[in-house]
Structures are given as C-alpha cells and as structure tokens.
Amino acid sequence: MGSYKYIVSKIPRMNIEKIEKSRLTPESLEITTFGNMFADHMLVCEYKQNVWGEARILPYQNLSFSPAMQAIHYGQACFEGMKAYKDQEGEVYLFRPDKNFERLNNSAIRLNMPPIPQEIFMDGLKALLDLDRDWVPAKYGMSLYLRPFLFATEPMITARSSNEFMFCIITAVAPDYYAKPLRVKVADKYSRAANGGVGYAKAAGNYAASFYPTRLAREEGFDQVIWTDAATHQYFEEAGTMNVFVRINDTLITAPISERILNGVTRRSIIELAQLNGWEVQERPVPIKEVEEAHRAGSLKEVFGCGTAVVLNNFAAIGYPDETLEIAELSEEESWGKQLKKQLTDIQNNLAEDPLGWRVKVEKNLVETILNS
Ligand code: COI
C-alpha cells in the first residue's frame with residue numbers, strides 16, 4: 001500500500017483547558033456497564049489545508065458539526081481501543097500504545113485519511129491521562145478505556161474523500177465487557193471482511209455492518225457471531241469484535257493476520273505470552289471441520305476470543321445451522337485461556353514482571369509542565 005502524503009506542522013503546543021469541577025464520584029468507578037461513563041476531559045485536533053493544527057484538551061463536551069459532514073454520509077472514520085491501568089501505588093500505565101498508534105495510521109491510510117503525527121497521539125494521550133488519572137480505577141479487572149478516533153469533517157456530500165478531519169480521544173471507565181462465557185453463532189451467510197477490503201482496518205463501518213447479523217444471532221439465543229472467510233465460510237476468522245483462538249489438545253491455533261483480520265494487540269500479546277509459557281501456537285487458517293472433528297474426538301479443549309475491551313472470553317458454545325457444540329468450562333488450572341487472561345491482566349496492572357517491556361508509565365505532572373512552559 002502506498003503511503004499518504006501529508007504535511008506536519010511543527011510539534012504542536014498543546015492547549016489545555018481544565019474542567020472547573022470534576023464530575024468524578026466514587027460511584028463513577030464502580031459502574032458495571034461498558035462505554036458510557038466518560039472522564040472529565042477529551043482531546044481534539046483538527047486537520048485543515050493539509051496540516052494538523054494544535055492539539056487541545058478540553059472538558060468532555062458535545063461537539064457541533066454540519067449535517068453534511070462527510071463521516072456521517074460516507075463512513076470515512078476509524079478508531080482505536082486501548083486501556084490505562086492503575087497499580088497499587090497509584091501509578092498509571094498504558095499497554096503497548098505504539099501498536100495502537102501504528103494500527104490507527106494503517107487504518108487512516110486505507111481510508112484515505114491523513115496519518116496522525118506521533119506527538120499528537122502519544123503526548124496527547126499521556127497529557128489527557130495525566131489530567132484524568134483519578135478516573136483510572138485501581139480495582140483489578142477494571143481500567144480506563146481509551147478511544148482515539150479519526151473522522152472526516154468536511155461539510156460536503158459529493159462522494160469523494162474529505163479534505164478536513166478531526167482526531168479526538170475520549171475515555172470511559174471500563175468494567176468487564178462480558179460477564180459470562182459466550183455462545184457464538186458461526187456465520188454461514190454474512191461476512192465481516194473480504195480480500196482487498198477493510199477488514200484489517202479498524203474502520204467504523206466494519207462495526208456497523210456487523211450489527212444486523214449479530215442481532216439475528218441474538219434472536220437465535222447466541223451472544224455473538226463467529227465470522228468465517230467470505231469466500232467459503234469454511235474457516236473461523238474473528239468473533240464479534242474479537243480475534244479467535246482454538247485450543248486442540250495442547251496447541252493454540254489462530255487465523256493468521258491478513259487483509260481480512262484485525263491485527264489485535266491482545267491477540268499478539270496472547271501469542272507471545274503463550275510462547276513464553278512454552279505452549280505451541282500456530283498462526284494458520286482454522287477449518288471449521290477440524291474444530292468439529294476435535295469436538296467429536298474430545299480434543300477440543302477450549303475456544304476463546306480476545307480484544308482490548310473484552311481481554312479474553314472463553315466460548316461456551318459454537319452454533320452451526322444443524323448442531324451446537326457445547327464446550328465444557330475448564331477450571332483455572334486447566335484452562336489456558338483463563339491463565340493467559342490472568343497473566344496479561346497482571347502485567348497490565350503492574351502485579352507481575354513485564355518480560356517483554358509492554359507497560360508505559362504515564363508520568364505525573366506532565367500537564368503542569370505543559371501549562372508552565
Ligand atoms: C476493542 O476491543 O477495543 C474493540 O474494538 C471493541 C470495541 C468495539 C468495544
């Protein structure tokens with residue numbers, strides 16, 4: 001893929017406007033629903049006339065746009081999902097933010113949007129988190145979900161690429177995404193992605209297109225869809241908003257990264273942790289037939305999905321048109337999924353060594369330094 005030509009202004013000075021009175025209450029950090037308890041501040045940065053402007057941090061608020069804004073009409077929009085964690089000393093950490101930065105810009109290029117300069121993404125993220133560090137829950141299993149997103153803002157309904165864009169970061173308190181193991185329905189009609197498409201990008205439209213098949217699966221008593229390859233529907237690819245792993249005997253198998261598969265940061269981390277544990281991991285196509293046969297033979301130990309929001313969730317059942325495979329839940333000691341989830345969460349929360357250098361500390365007083373500079 002060719003690179004997108006863009007002009008970067010000098011490292012932008014950040015403009016910070018603090019909220020007058022925080023909305024944070026003890027209850028804010030105890031919520032049990034994902035995605036609607038937003039922290040005090042947000043970051044906004046506009047791209048106009050081929051240049052990224054100054055990043056601004058301001059109180060979380062509604063924004064106003066033209067009804068002709070391109071993103072609404074043509075879906076020129078993408079996003080990232082990341083999390084911040086707090087350890088027992090109150091320090092705040094990001095997890096592999098470089099991976100999200102890289103992926104956001106890969107998505108941007110695919111959707112013909114200008115990549116975000118690293119200073120805006122990283123310094124902006126750290127300053128926003130420094131300012132809202134009290135919003136990062138200290139409770140194990142909870143975190144502050146970070147949502148960087150980029151969208152087309154030009155007010156014009158000609159079907160062509162926008163010339164104006166906005167990059168924002170909002171954050172929301174994140175409890176467990178799913179409360180129980182999931183029942184997933186294998187897609188035999190609808191597809192999430194096809195070769196040459198945008199499956200590997202975190203394009204907003206990928207999620208919109210998943211909602212209808214997901215509703216149909218829910219009406220049949222399932223929680224989510226397992227997406228299969230568009231050409232044959234014979235291979236597992238992703239599930240809901242997650243990458244998928246199948247464990248047959250003592251081998252973990254997951255679909256290889258391709259144009260159709262999201263390059264999940266949790267997926268990559270799970271593979272690397274499993275390999276550190278000395279467990280065999282195969283990145284190769286996952287035939288549905290092999291999973292069915294393993295289930296019949298008793299060698300299908302577990303199937304799980306993983307992603308930033310979900311972390312890792314074991315599947316309780318896989319539904320095909322003619323049968324549903326029930327998968328017995330393994331104990332903490334037996335389940336590789338449960339062990340990997342704990343290992344990962346321990347690293348993220350600074351409760352374990354960080355052998356691969358994934359944690360990035362958010363320095364205190366960054367905002368004061370910027371304000372006093
Ligand atoms: C994430 O795991 O960050 C996701 O992208 C899921 C999100 C759509 C809630």
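Only a predicted model underlies this, so the values are computations on that prediction, with no experimental measurement involved. These values consider heavy atoms only, across backbone and side chains, with no hydrogens, waters or symmetry-generated copies. Both counts, for ligands and for their atoms, begin at 1 and track the order of listing.
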Would you mind checking which non-hydrogen protein atom is closest to atom 6 (C) of ligand 1, with the distance to 0.1 Å?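 Heavy-atom neighbour on the protein nearest atom 6 (C) of ligand 1: Thr241 OG1, 3.7 Å.
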
Protein heavy-atom partner closest to atom 8 (C) of ligand 1 - residue, atom, separation in Å: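 That would be Tyr207 CE2, 3.7 Å.
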
Using distance alone, determine whether [X] and ligand 1 share an N or O pair under 3.5 Å.
| X | result |
| --- | --- |
| Arg147 | no |
| Ala309 | yes |
| Lys202 | yes |
| Tyr177 | no |

Indicate whether any N or O donor in one side chain lies under 3.5 Å from an N or O acceptor in the other, for Gln76 and Ser161.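 There is such a pair between these side chains.
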
Judged by modelled atom types alone, do Asp40 and Trp135 share a side-chain donor-acceptor pair under 3.5 Å?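 Yes, side-chain donor-acceptor contact under 3.5 Å.
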
So, for [X] and [Y], is the gap between ring centers shorter than 6.0 Å?
| X | Y | value |
| --- | --- | --- |
| Tyr85 | Tyr93 | no |
| Phe151 | Phe65 | yes |
| Tyr145 | Phe34 | yes |

Between Thr308 and ligand 1, find which residue part has any heavy-atom pair under 4.0 Å and reply side chain, backbone, both or neither.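 Looking at Thr308 and ligand 1, atoms from backbone and side chain both fall under 4.0 Å.
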
Partner of Glu91 by salt bridge (charged side-chain N to carboxylate O under 4.0 Å, His left out), out of Arg359, Lys86, Lys364: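 The single option meeting the salt bridge (charged side-chain N to carboxylate O under 4.0 Å, His left out) with Glu91 is Lys364.
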
Passing option when Glu80 is tested against Arg96, Arg103, Lys99 for salt bridge (charged side-chain N to carboxylate O under 4.0 Å, His left out):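 That would be Arg103; it is the only one of Arg96, Arg103, Lys99 passing the salt bridge (charged side-chain N to carboxylate O under 4.0 Å, His left out) with Glu80.
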
Residue Gly81 vicinity, atoms of ligand 1 by number, heavy atom under 4.0 Å: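 Result: 3 (O).
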
Proximal ligand 1 atoms for Tyr145, defined as those under 4.0 Å from one of its heavy atoms: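 Here the atoms of ligand 1 in question are 1 (C), 3 (O), 4 (C), 7 (C).
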
